Amino acid sequence: MAKRPAKSPAPEADDPPAPIAAGPNVPELSVSELANALKRTVEDRFGHVRVRGEITNYRGPHSSGHVYFSLKDQNARLDAVIWKMTFLRLRVKPQEGLEVVATGKISTFPGKSSYQIVIETLEPAGAGALMALLDERRKRLAAEGLFDVERKKPLPFLPAVVGVVTSPTGAVIRDILHRLLDRFPRRVLVWPVRVQGETCAAEVAAAIEGFNALPPGGSIPRPDVLIVARGGGSLEDLLGFNEEIVVRAAAASAIPLVSAIGHETDTTLIDFAADLRAPTPTGAAEKCVPVRAELVEQTATLARRLASAERRLLDANRRHLLSLQRVLPAGTQLLLNPAQRSDRAGERLRSALHRAIDGKRLALSRVSHVLARHSPQAELARASERLKGLHARLRQGLAARRSLAIREAESAHRRLDHAEQRLRSAFQRVIDEKRAQAGRLDQLRKTLGYEQVLARGFALVRDEGEALLRRSAEVAPGARLTIQFVDGKIGARAETGDAPPPPTPAPKGKRPKGGSDGGQGSLF
């Protein structure tokens, strides 16, 4: 019989399990292949799920438009993503700390070896959470001042055009038109919108902004008042009128706005931002226009009261005039005293005129006596004689002044000629002195210049760069030199030697000491 192999001892509880050796038939997978296989498995197993949790790590849309956050409960956390187009269609937007029910599919992200839910729809987790969300939004918008009473605008008493933002097919628009026709027919402009659904909020906000953008006096009349209306419904049905975009559009409206959303017990955020809240769409129509019959009756009543008041005023004025007439005296008595004063004033005027005429006659007689003593013909003759004497004296004075001016002109001409001669002689002397001085300076320049030194037998030595050489140590053997004499320049080349040759005695005069001539360079 074959011998059985001995049994191996049982592993202890704390020992790790023995590794299973991979057989040669197990296929090898790349990381991408394994990740894609896991992705397909997870998506097949959890194709469509509904998950309830609290939103955390929400930072708003990414630059790409996608939204990333997490859903968590007490024990676990799940990554979530909402693609850009899905996020734009969502009726309820994600917010940090909001408990929601997310519907979507589970998938994996191979780049991070993690799984996530791709959300398709998002809704609050129950009415309590939705009401908490709306209350938080109401408080935030109120803190911005969008609900302040100071922002409310009064409605016009009788608008010419009424703008209505509602669904064109519902019973709301028919109720509004019927009520306006009963009370006071007005022109109505309807901006059709969806009053429920994902696009409701955007369409209502665009309608309010569109009415406000109409120019006054344009082809389409600009409404004097707006009505935003919708019939009754559940809280979810009215969510579009709780959106922030609708509230801000209502608060920014320059046209007075009346909100009529749902029944009297329904309250939405647009009611706080509107200038007036109506309990129902019919009530909104009643608040926008008065009753025509009541206005006609009120006008007739006021007209009757005005006519009665006019009659009472005329009767009172007539009675007052009669009482004043009884108090006043007769007209003839009122004129007696003024007539007497007029007669006395006439008498005083006549006597004053007589006295004034007598005084003027006396003064005239006195003047006539004085005029007789001073005849105008005699005064004219005496004045003519004085004028002739003055004319003769004037002619003599003019002749004497003319001769004096001629003599003064001749004397000035002579003085001018004498001054010109003196100026010419002085100018010539100055020129001669300057010319002599310039000659002396030129002679001094020639005497002090190095040309005179060269004429006495000296020479200037320069190197190839025309630099002046003062010592033999500055001359390199074989260097090309330029020697300048008094009558020109010659080229030379320096030779090597232990000592320079003895200097040739100068033909005349003594050689200056130090081998230099007043800073003109070395001479040899």
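A quick note: this is a predicted structure, and the numbers were derived from the prediction, not measured. Values below: every heavy atom of this structure, side chains too, minus hydrogens, waters and symmetry copies.
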Arg401: what forms a side-chain hydrogen bond (donor to acceptor under 3.5 Å, both in side chains) with it, not counting sequence neighbours? none

What's the verdict on side-chain hydrogen bond (donor to acceptor under 3.5 Å, both in side chains) for Arg305 and Ser308, showing C-alpha distance, side-chain angles and the deciding distance? CA-CA 5 Å; Arg305 291 177 60 188; Ser308 176; over 6 Å; no

Determine which pairs satisfy salt bridge (Lys or Arg N to Asp or Glu O under 4.0 Å) with at least one residue from residues 153-180, sequence neighbours left out, and list them in order. Lys153-Asp275, Arg179-Glu286

Using the ring-ring contact (aromatic ring centres under 6.0 Å, His included) rule, collect all pairs that involve residues 154-208, keeping only residues at least two apart or in two chains. Trp191-Phe211

List for me each residue that meets side-chain hydrogen bond (donor to acceptor under 3.5 Å, both in side chains) alongside Arg138, sequence neighbours excluded, and say none if there are none. Asp135

Verify the neighbour count for atom NZ of Lys152: are there more than 12 heavy atoms of other residues, nucleotides or ligands below 6.0 Å? yes

Would you find a donor on one side and an acceptor on the other, under 3.5 Å apart, between the side chain of Arg77 and the backbone of Ser70? no

I would like to know whether Leu133 and Leu98 meet side chain to side chain contact (heavy atoms under 4.5 Å, CB included); could you show each step before the answer? CA-CA 8 Å; Leu133 172 64; Leu98 179 64; 4.2 Å; yes

Between Arg318 and Asp315, is the closest basic N to carboxylate O distance under 4.0 Å? yes

Quick one: are Leu390 and Leu394 in side-chain contact, heavy atoms under 4.5 Å? no

Side-chain contact test, heavy atoms from C-beta onward, threshold under 4.5 Å: evaluate it for Pro256 versus Leu276 and give yes or no. no

Sequence neighbours excluded, which residues qualify as side-chain contact (heavy atoms from CB on, under 4.5 Å) partners of Arg366? Leu362

Donor-acceptor pair, side chain of Arg230 and main chain of Val195, under 3.5 angstrom: yes

Can you tell me how far the CG atom of Leu180 sits from the CD1 atom of Ile227, to the nearest 0.5 Å? 6.0 Å

Take Leu177 and Leu181, measure what side chain to side chain contact (heavy atoms under 4.5 Å, CB included) needs, and give me the verdict at the end. CA-CA 6 Å; Leu177 294 177; Leu181 185 62; over 6 Å; no

Do the side chain of Arg89 and the main chain of Glu198 share a donor and acceptor less than 3.5 angstrom apart? no

Strictly distance-based, threshold 3.5 Å: is any side-chain N or O of Asp343 a donor or acceptor partner for the main-chain N or O of Gln340? no

Is Glu244 salt-bridged to Lys93, cutoff N-O under 4.0 Å? no

Could you pull out all residues at least two apart from Ser167 that satisfy side-chain hydrogen bond (donor to acceptor under 3.5 Å, both in side chains)? Thr169

Take Thr267 and Arg277 through the test side chain to side chain contact (heavy atoms under 4.5 Å, CB included) and record every step on the way to the result. CA-CA 9 Å; Thr267 302; Arg277 176 185 180 271; 4.1 Å; yes

Parallel, tilted or perpendicular, as decided by the 30° and 60° cut-offs, for the rings of Phe272 and Phe147: tilted

Is the backbone N or O of Ala251 less than 3.5 Å from a side-chain atom of Arg151, with the two atoms forming a donor-acceptor pair by type? yes

Using the side chain to side chain contact (heavy atoms under 4.5 Å, CB included) rule, pick out the option among Val101, Val100, Thr103 that qualifies with Thr121. Thr103

Say whether, by atom type as modelled, one donor and one acceptor occur between the side chain of Asn212 and the main chain of Ser253 under 3.5 angstrom. no

Worked verdict on Arg183 versus Glu294 for side chain to side chain contact (heavy atoms under 4.5 Å, CB included): CA-CA 9 Å; Arg183 292 176 65 86; Glu294 293 179 357; 5.7 Å; no

